[in-house]
There are 2 protein chains.
Amino acid sequence: MTTTRREQILDTAATLFAERGFHGVSVHDIGSACGISGPALYKHFAGKDDVLTQSLTSISQRLLDEGRSRSRAAGSPDAALGALIAWHIEFALSHPALIVIQEREWANLRVEGRREVRALQLAYIDIWVDVLRRLRDDLDAAEARAAVQATFGLLNSTPHSARISATAMQSRLWTMARSALLA
Amino acid sequence: MTTTRREQILDTAATLFAERGFHGVSVHDIGSACGISGPALYKHFAGKDDVLTQSLTSISQRLLDEGRSRSRAAGSPDAALGALIAWHIEFALSHPALIVIQEREWANLRVEGRREVRALQLAYIDIWVDVLRRLRDDLDAAEARAAVQATFGLLNSTPHSARISATAMQSRLWTMARSALLA
DNA sequence: ACGTCAGGTTAATGACTGTTAACCTCACAG
DNA sequence: CTGTGAGGTTAACAGTCATTAACCTGACGT
């Protein structure tokens, strides 16, 4: 695999941020975990903030793109909902650190980046809301949005538990999310 | 209301920790938000760590005590589950900052405090697991625990959404949690 | 052969951190 | 009265932080 230094930094920084929080990690920590040391980070990023910003935007973009594509590919609203749930679970299980920082560290972004990430997150939510409301005409937009965000909480809980096998967790979360949304 | 300075510090510190994370808040920030300044905090706590520790243990203790009492007071496993869900929602909706730091900042505790908080959290989870397994004999202990933690994720998501009225949110979360657990 | 430049290095910087020390004030028990 | 202790204050501490500056190396196009 051809991981550039840049990607390596983003990866290890995400892990460290997930463990100790943005302010709990120093640039020395990040560099050190990459085999380089401290200020070398500035050859690839404008600063520590920039590392977080790039992480969060790339995560949000990826969730959005794949979610949109899988939802479109589905034949029915019901299939689309199932596909969205499966995709989110797949991502959360394979990238727990990214899920953690995406839901916890966006308050540490500077205004510009925060707006961008927020917009991407809202677009992702909207995909879910559209699909859900096609299956539940009793929900108005605000209620549907609340239900979707609650479901994200459910699916994003994996990093905090994870005692059973990945496949068992996968199918259990899928069932729980589906019945929570359609209840 | 008779809020002592000590309680005031715990309260405002919890809010600040929830907003910017433990390392993102200085003792000057905390004191300043209380109308006192900086080192005055040491007249009430052994240090910054101590503030977080006291916060988290008191939160976990309170969740556990009330959860245990409400679960015992219920007439049936089904009623007990409903009561547990209602209690957790009630707490999460009225103390969003406490919910946030309880699920996010326990890694910043020193070993002793971390063990204590972890034990309280596990005891709380066990109450839920016992009730759930009385209703679902198809779940082994590990699966039930995973399901309960996923439900916590769902219920704890309120601080990140909350656009609809409290009562609407309350009943929606209740329904979602119940059907997720019993699916 | 050679300049250039991407990607490292260490040293230095000023700001900010948690914590301690030394001092002040005032309510109030004796 | 008086003195004592709870609950404040500011000043000073050693460390750590993100960031910049100045310098080094080696691959590589020409």
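Values below: every heavy atom of this structure, side chains too, minus hydrogens, waters and symmetry copies. All values derive from a computational prediction rather than experimental measurement. Naming: A, B, ... by sequence-line order, numbering from 1 per chain.
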Check the distance between [N]'s [atom2] and [X]'s [atom1] and give it to me in whole angstrom.
X: A:Lys43; N: D:dA22; atom1: NZ; atom2: P; answer: 12 Å
X: B:Tyr42; N: D:dT9; atom1: OH; atom2: P; answer: 14 Å
X: B:His28; N: C:dA15; atom1: NE2; atom2: P; answer: 16 Å
X: B:Lys48; N: C:dT17; atom1: NZ; atom2: C1'; answer: 8 Å
X: A:Ile36; N: D:dT25; atom1: CD1; atom2: P; answer: 19 Å
X: A:Ile9; N: C:dG7; atom1: CD1; atom2: P; answer: 10 Å
X: A:Leu41; N: D:dA18; atom1: CG; atom2: P; answer: 10 Å
X: A:Arg5; N: C:dA6; atom1: CZ; atom2: C1'; answer: 12 Å

Pick from B:Asp49, B:Thr57, B:Val117: which one makes a side chain to side chain contact (heavy atoms under 4.5 Å, CB included) with B:Leu109? B:Val117

Among [options], which is the nearest nucleotide to the side chain of [X]?
X: A:Ser26; options: D:dC17, C:dT19, D:dT20; result: D:dC17
X: B:Pro39; options: D:dT19, D:dG8, D:dT10; result: D:dT10
X: B:Val27; options: C:dG18, C:dG7, D:dA18; result: C:dG18
X: A:Ala40; options: D:dT10, D:dA18, C:dG8; result: C:dG8

Angle class for the B:Phe152/B:Tyr124 ring planes (parallel below 30°, perpendicular above 60°, tilted otherwise)?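 B:Phe152 and B:Tyr124: parallel rings.
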
Quick one: are B:Asn108 and B:Phe17 in side-chain contact, heavy atoms under 4.5 Å?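 With C-beta onward as the side chain, the pair stays apart.
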
Taking C-beta and beyond as the side chain, do A:Arg163 and B:Arg145 meet within less than 4.5 Å on heavy atoms? no

Contact class for A:Val51 (heavy atom, under 4.0 Å): base, sugar-phosphate, or nothing?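 Nothing, no nucleic acid heavy atom in range.
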
Describe the nucleic acid contact of B:Gly47 in one word from base, sugar-phosphate, nothing, applying a heavy-atom distance below 4.0 Å. sugar-phosphate

For a quick test of reading the model: is some side-chain N or O of B:His23 closer than 4.0 Å to OP1 or OP2 of D:dT16?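 Answer is no, no contact under 4.0 Å.
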
Name the residue closer to the 5' end of DNA chain D, choosing between A:Gly24 and A:Ala46 according to the nucleotide with the nearest heavy atom. A:Gly24

With a distance cut-off below 6.0 Å to the six-membered ring centre and an angular limit of 45° from the axis, does A:Lys48 pair with A:Tyr42 as a cation-pi contact?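 No; the conditions do not both hold, so A:Lys48 does not lie above the ring face of A:Tyr42.
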
